Colleague: 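Quick one: the structure is below, and I'll ask about it shortly.
Excluded from the calculations below are hydrogen atoms, water molecules and symmetry mates; all remaining heavy atoms, backbone and side chain alike, are included. These figures come from a predicted structure and were not determined experimentally. The chains referred to below are lettered A, B, ... by the order of the sequence lines, with proteins before strands, and numbering in each begins at 1.
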Number of protein chains: 2
Amino acid sequence: MFVKQLTVGVRDEYRLRVPERDPFRESHVESRRNRPAKPPLSRDSIVDEALRQISTEDSAPLSLRKIAKALDTGPASLYAYVDGMSELQALVLDRALQAVETGGKGSWRDRLEGLLLSYATVLARSPTLARMAFQTTAVGPNALRISEALLELLAEAGVDQANAAWAIDLLTMLVTATVAEHAQDTGAAKPGGPIEQALARTSASQYPRVHAARDDILSGTGEERFHWGIDILIRGILAHPQSQ
Amino acid sequence: MFVKQLTVGVRDEYRLRVPERDPFRESHVESRRNRPAKPPLSRDSIVDEALRQISTEDSAPLSLRKIAKALDTGPASLYAYVDGMSELQALVLDRALQAVETGGKGSWRDRLEGLLLSYATVLARSPTLARMAFQTTAVGPNALRISEALLELLAEAGVDQANAAWAIDLLTMLVTATVAEHAQDTGAAKPGGPIEQALARTSASQYPRVHAARDDILSGTGEERFHWGIDILIRGILAHPQSQ
DNA sequence: TATTCGTCGCGAACAGTGTTCGTCAAGCAA
DNA sequence: TTGCTTGACGAACACTGTTCGCGACGAATA
């Protein structure tokens with residue numbers, strides 16, 4: 001709201017080319033007033049602080065007020081640099097995705113697994129981040145960079161463009177969902193947690209197969225299951241009929 | 001808190017067999033006091049009202065206060081029957097999963113697709129429900145019923161127990177994530193939405209593959225992509241090395 | 001240089017949320 | 001009839017994201 005009036009000159013030119021503003025360009029709106037003591041409170045500093053908070057206090061759900069307090073101001077001030085909570089989430093997510101390494105060595109398969117693992121590692125840095133990745137469809141420059149790398153790897157694997165385009169969704173979804181589920185706020189999957197108990201309670205007569213497989217259902221580390229999932233997906237993608 | 005003191009007699013016996021209480025048994029705690037005018041406010045009535053609300057008001061995020069208001073009481077009263085928000089979510093989710101049809105006809109493949117589609121349809125009834133399904137690991141009786149059916153179908157398909165146990169996670173995750181992503185609060189994937197714009201902005205020089213594939217990335221209805229995903233998964237699962 | 005003026009910064013308030021505390025009354029037992 | 005256990009719930013607490021509008025400052029004008 002504020003930003004819209006504030007940068008109205010810039011945005012009018014911009015609007016001639018693109019109907020709506022791209023929150024990833026023009027990263028700092030720059031306050032003309034150079035306040036003496038405190039740093040001038042830019043968009044970057046807000047995103048940095050947000051990322052710092054979710055990386056530090058575990059599973060704290062990223063609040064505007066806490067960011068404002070840390071930056072020694074009121075919550076209203078943030079709205080001059082960020083359009084609201086959801087835009088901030090998108091910005092934070094993309095900033096975090098900067099750390100994902102798209103380059104790598106070895107076969108396409110090794111590089112693909114490496115890329116996805118790097119992606120997972122970054123998301124696993126904070127439960128909040130993982131949740132954000134799931135509910136915010138990432139469209140920032142870093143998300144594009146990752147998509148570009150994935151498409152290239154899949155092309156190298158011999159997957160045609162149409163299938164590859166859908167496959168990147170599936171692959172990232174696997175990573176995101178796995179991490180988000182694993183790093184849930186409630187440690188429900190932990191030993192002794194509710195899900196283990198629920199499985200232990202299953203009677204062999206009512207749910208015979210679940211009962212029989214209850215150890216298998218819980219078995220494996222997160223990483224093992226992660227690699228297993230990737231293997232399933234890759235095998236499936238390669239096995240799918242292609243047009244090319 | 002209240003419940004714990006309230007049903008202490010019952011729970012002490014219970015505790016001898018099972019360390020923690022199972023929120024899915026003893027579905028109504030039953031207030032001994034039969035109030036004259038209003039219905040006695042049971043756990044079932046709370047879950048029913050919650051399910052009614054998220055099925056009616058679209059994408060309203062299920063608030064305890066709204067449920068209390070609809071039941072003509074204060075929010076505190078609900079805590080006598082439900083342990084808190086997360087338990088309520090689990091109960092609501094499982095109640096909703098009652099509608100998932102596990103029986104079916106045809107080949108295992110047809111029945112598997114039918115089951116997953118039924119699951120997806122139920123979740124798609126409300127965006128809130130879809131989100132809940134993702135963040136709440138379902139361990140109620142209906143979730144177990146679905147798992148049981150999935151395990152049986154996979155066994156019929158020739159998948160060994162260890163792989164099947166992990167596969168049901170993958171399959172349900174695909175459904176959940178697809179529906180939750182599709183029925184997101186912000187209709188971001190809609191034509192003209194932020195993601196289409198972001199893709200349209202991609203330059204052919206910076207992100208050549210994304211740029212080239214931008215139509216493919218957006219193509220397909222939800223259902224088409226859903227079936228495509230299932231096909232990938234099934235192919236992958238069958239292609240994975242097995243011990244049996 | 002003095003004065004006006006438009007432009008931001010941000011304190012305070014709004015409308016929500018989940019959860020807890022402690023009062024009060026109703027029902028059963030004595 | 002009295003006493004007491006037991007369950008309902010109003011009010012308050014500590015939060016959340018978001019908006020409104022006052023006030024003070026920097027820059028342009030007189």
Colleague: Are B/L115 and B/E101 packed together at the side-chain level, in the sense that at least one heavy-atom pair is separated by less than 4.5 angstrom?
Modeller: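 B/L115 does not reach B/E101 side chain to side chain.
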Colleague: Roughly, in whole Å, what's the span from CZ in B/R43 to P in D/dG7?
Modeller: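 Going from CZ in B/R43 over to P in D/dG7 covers 15 Å.
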Colleague: Nearest to the A/L64 side chain among D/dT18, C/dT19, C/dC10, which nucleotide is it?
Modeller: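 The listed nucleotide nearest to A/L64's side chain is D/dT18.
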Colleague: Please state how far atom OH in B/Y81 lies from atom P in C/dT19, giving the value in whole angstrom units.
Modeller: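 Taking OH of B/Y81 and P of C/dT19, I get 18 Å after rounding.
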Colleague: Reckon A/I67 touches a base, only the sugar-phosphate, or nothing at all at heavy-atom distances under 4.0 Å?
Modeller: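 No contact.
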Colleague: In whole angstrom, what separates B/K69's NZ from C/dG18's P?
Modeller: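 In whole Å, C/dG18 P and B/K69 NZ are 12 Å from each other.
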Colleague: How long is the line joining CE of B/M85 and P of D/dT16, in whole Å?
Modeller: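 The distance from CE of B/M85 to P of D/dT16 comes to 18 Å, rounded to the nearest Å.
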Colleague: Please state how far atom CG in A/D72 lies from atom P in C/dC10, giving the value in whole angstrom units.
Modeller: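 Answer to the nearest Å: 9 Å.
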Colleague: Ignoring backbone atoms, establish whether B/Y79 has a side-chain N or O less than 4.0 Å from OP1 or OP2 of C/dC21.
Modeller: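 So the side chain of B/Y79 is outside the cut-off, no N or O lying under 4.0 Å from OP1 or OP2 of C/dC21.
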Colleague: Out of curiosity, A/R131 CZ to A/T136 OG1, how far, rounded to the nearest 0.5 Å?
Modeller: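 Interatomic distance, A/R131 CZ to A/T136 OG1, rounded to 0.5 Å: 11.5 Å.
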Colleague: Please determine, for the side chain of A/K66, which listed nucleotide (C/dG18, D/dA8, D/dT16) has the closest atom?
Modeller: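 Minimum distance to the A/K66 side chain belongs to D/dT16.
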Colleague: Heavy atoms only, 4.0 Å cut-off, all strands: where does A/P75 land among base, sugar-phosphate and nothing?
Modeller: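 Here A/P75 touches the bases of the nucleic acid.
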Colleague: Under a 4.0 Å N-O cut-off, is there an ion pair linking A/E49 with A/K69?
Modeller: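 A salt bridge is absent here (no side-chain N lies under 4.0 Å from a carboxylate O).
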Colleague: Please give, in whole Å, the distance from D/dT18 C1' to A/L88 CG?
Modeller: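 The answer, rounded to whole Å, is 14 Å.
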Colleague: Counting the atoms with a prime plus P, OP1 and OP2 as sugar-phosphate, which does A/S77 contact under 4.0 Å by heavy atoms, base, sugar-phosphate, or nothing?
Modeller: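 Base, at least one base atom sits under 4.0 Å.
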Colleague: Taking the side chain of B/A76 as its heavy atoms from C-beta onward, which of D/dA11, C/dA12, C/dT19 lies nearest to it?
Modeller: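 Nucleotide nearest to B/A76's side chain: D/dA11.
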Colleague: Any side-chain N or O of A/S63 below 4.0 angstrom from OP1/OP2 of D/dG17?
Modeller: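 So the side chain of A/S63 is within the cut-off, an N or O lying under 4.0 Å from OP1 or OP2 of D/dG17.
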Colleague: On a plain distance test, is the side chain of A/R65 in donor-acceptor contact with the base of D/dG17 below 3.5 Å?
Modeller: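 Answer yes: a donor N or O sits under 3.5 Å from an acceptor.
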Colleague: Using 0.5 Å steps for rounding, measure from the CD1 atom of A/I168 to the CD atom of A/E148.
Modeller: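 Interatomic distance, A/I168 CD1 to A/E148 CD, rounded to 0.5 Å: 9.5 Å.
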Colleague: Could you check whether any side-chain heavy atom of A/R214 comes within less than 4.5 Å of a side-chain heavy atom of A/R201, counting everything from C-beta outward?
Modeller: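 Contact flag for A/R214/A/R201 side chains = no.
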